[in-house]
Amino acid sequence: MAQQDAGAPRQAAGDKAHGEELVLRDEQRLLYLLALTCLPFWVVDSLSVMRPAWDTLALRLGWAGLTGAMGWSLRWLGPSRRRGVRTVAGVVVPNVFLGLVVYRLGGVGSPLFSWFFVMPLMTLTVSRGELWQGLLSTLLPLVSAGTVMRLEGMAPGPMVTRLLLLLGAGAVGMQMSAFYRKLRQARARAEDEQRAVQEALEASQARALQAERLAQVGRLAAGVAHEVKNPLAYVQANLRFLLEEWRQPATGADDTEYTEALQETMQGVERIHQIVKDLTALSRAEETVAGVGRCELVPVIDASVRLASVRLKSLVRLAVEVPPEAVAKAEPRRLGQVLLNLLLNAADAIEDAKVQDGRVAVRAEVEGERVRVMVEDNGPGISAENLPRLFTTFFTTKAPGKGTGLGLALSRQYVESFGGTLRAENRPEGGARFIVELPVA
Ligand code: ADP
């Protein structure tokens, strides 16, 4: 979730291309539909003159062919040309051809003349709420019907009446068009808002992940200070001894003692180096995730135990039992985080309950197609009331500032992303047991 995904821009571009393809197909489908719908009306043409109207069949075939060809051509055009072609095919062509059909069928006296009143509403389906297209849808039937009436030499009175009626139909169409535009804008706004909410949610999930990781580092901090102080003390003492001996040999120490002092110093420095390395790996775990794959459990468990031991060592006795052949399908960094969280939780439970002889065990076993890793403790266990809520985000029984309530929720999410499960139970002999079950690699 929080991971910087290098593939994200590519995916966004892919989504955009997919969206554009859908819009294009939508536009093409609309024009094909318009092309097809003008053909069956030839039956009405023929009925209106009580004979097969072959001339209007030719006109309608031309009308359908032209509209279909324009729909087909959309694929090769840019967005602004596409809009132009859609307007010509959806508004100009129908009005011109309808004018010709009506003229051939008897003009104003033809029952088909009334179709001009429906034209603004019909052509508005392709206008998508754009104002100028709406105006065109209103004006073109006026021009087309006006031309038919003029060609027939109609008297100005009835002609103006019909044109005014047409204008009325156009006004209704315009209103519908404006309504449609508002609907589209509202939908676009709602989509924008939904996207913003989604982004905010993702950002807050990323922050939660970061908070959990920092909390883990924080939980280790006290132990780290202790762990570093110890080797640092003897590194310092040994260096002081070596320096003094080099300046002014006083103790009569021999080569073996010098070698021992140097070896001890080296071990101390290596221990400090290991702690710093493990902590750095933990705080940068998200940047270095490798993807789910073959994961040997021994090194992953070793690293988690090593990190956790800076806190666990002073509190509990730790036992680790992992067969070398245990190999699971997982992402090593994330599995390490899961185990570290389980180990630190066990330490917290033992510490909070002030258990004297604290014990934590990590055991792994392979059974058929599953690898099971168990983290057990002899702490107070989990109450029946809390057991079902344990993996819920933000569920914590720890004091404010000590627990985030994210560790187990996140751990389960990680384990499930490997195709595994994470569950908790109470041990019959007391204490809690967390079981990570993973597919064998
Ligand atoms: P956090 O550790 O921040 O509280 P987690 O999701 O890791 O968040 O743990 C949620 C809760 O589960 C803890 O607050 C604790 O009540 C309970 N819990 C986890 N591990 C143990 C355990 N080993 N023994 C008892 N309770 C535990």
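Reckoned from all heavy atoms, side chains included, excluding hydrogens, waters and symmetry mates. The first residue in the sequence is number 1, and the count goes up from there. Remember, it's 1-based here, ligands and their atoms both numbered in the order they're listed. Remember, predicted model here, so these are calculated numbers, not experimental data.
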Sidechain N-carboxylate O distance under 4.0 Å for [X], [Y]:
{"X": "D377", "Y": "R427", "answer": "no"}
{"X": "R75", "Y": "E27", "answer": "no"}
{"X": "R363", "Y": "E321", "answer": "no"}
{"X": "R195", "Y": "D192", "answer": "yes"}
{"X": "E244", "Y": "R240", "answer": "no"}

Per-residue contact class, [X] against ligand 1 - non-hydrogen pairs under 4.0 Å:
{"X": "F391", "answer": "neither"}
{"X": "D377", "answer": "side chain"}
{"X": "T396", "answer": "both"}
{"X": "N386", "answer": "neither"}

Subset of ligand 1 atoms that lie under 4.0 Å from at least one heavy atom of [X]:
{"X": "G381", "value": "25 (C)"}
{"X": "N341", "value": "7 (O)"}
{"X": "A349", "value": "22 (C), 24 (N), 25 (C)"}
{"X": "F434", "value": "19 (C), 20 (N), 21 (C), 22 (C), 23 (N)"}
{"X": "I382", "value": "25 (C), 26 (N)"}
{"X": "L390", "value": "12 (O), 17 (C)"}

Subject >> OG on S417 to CD on E331, rounded to 0.5 Å >> reply: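 Here the rounded value is 8.5 Å.
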Original post:
Rounded to the nearest 0.5 Å, how far apart are CD1 of I382 and CZ of R433?
Top reply: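 These two atoms lie 11.0 Å from each other.
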What residue and atom, counting heavy atoms only, is the protein's closest point to [atom], and at what distance?
{"atom": "atom 7 (O) of ligand 1", "value": "N345 ND2, 2.9 Å"}
{"atom": "atom 11 (C) of ligand 1", "value": "F395 O, 4.0 Å"}
{"atom": "atom 2 (O) of ligand 1", "value": "K398 NZ, 2.6 Å"}

**OP:** Assess R412 against F391: is NZ or CZ under 6.0 Å from the centre of the six-membered ring, and within 45 degrees of the ring's axis?
**Re:**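 So R412 does make the cation-pi contact.
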Subject >> Min heavy-atom dist G405 to ligand 1 below 4.0 Å >> reply: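 Contact present.
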Subject >> Worked check of side chain to side chain contact (heavy atoms under 4.5 Å, CB included) between R60 and F97 >> reply: CA-CA 7 Å; R60 283 186 182 276; F97 275 90; over 6 Å; no
Subject >> Any side-chain heavy-atom pair of L59 and D45 under 4.5 Å >> reply: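 Counting from C-beta outward, L59 and D45 never come under 4.5 Å.
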Subject >> Candidate with minimal heavy-atom separation from atom 5 (P) of ligand 1, of L387, T397, L408, I350 >> reply: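 Minimum heavy-atom distance to atom 5 (P) of ligand 1 goes to L408.
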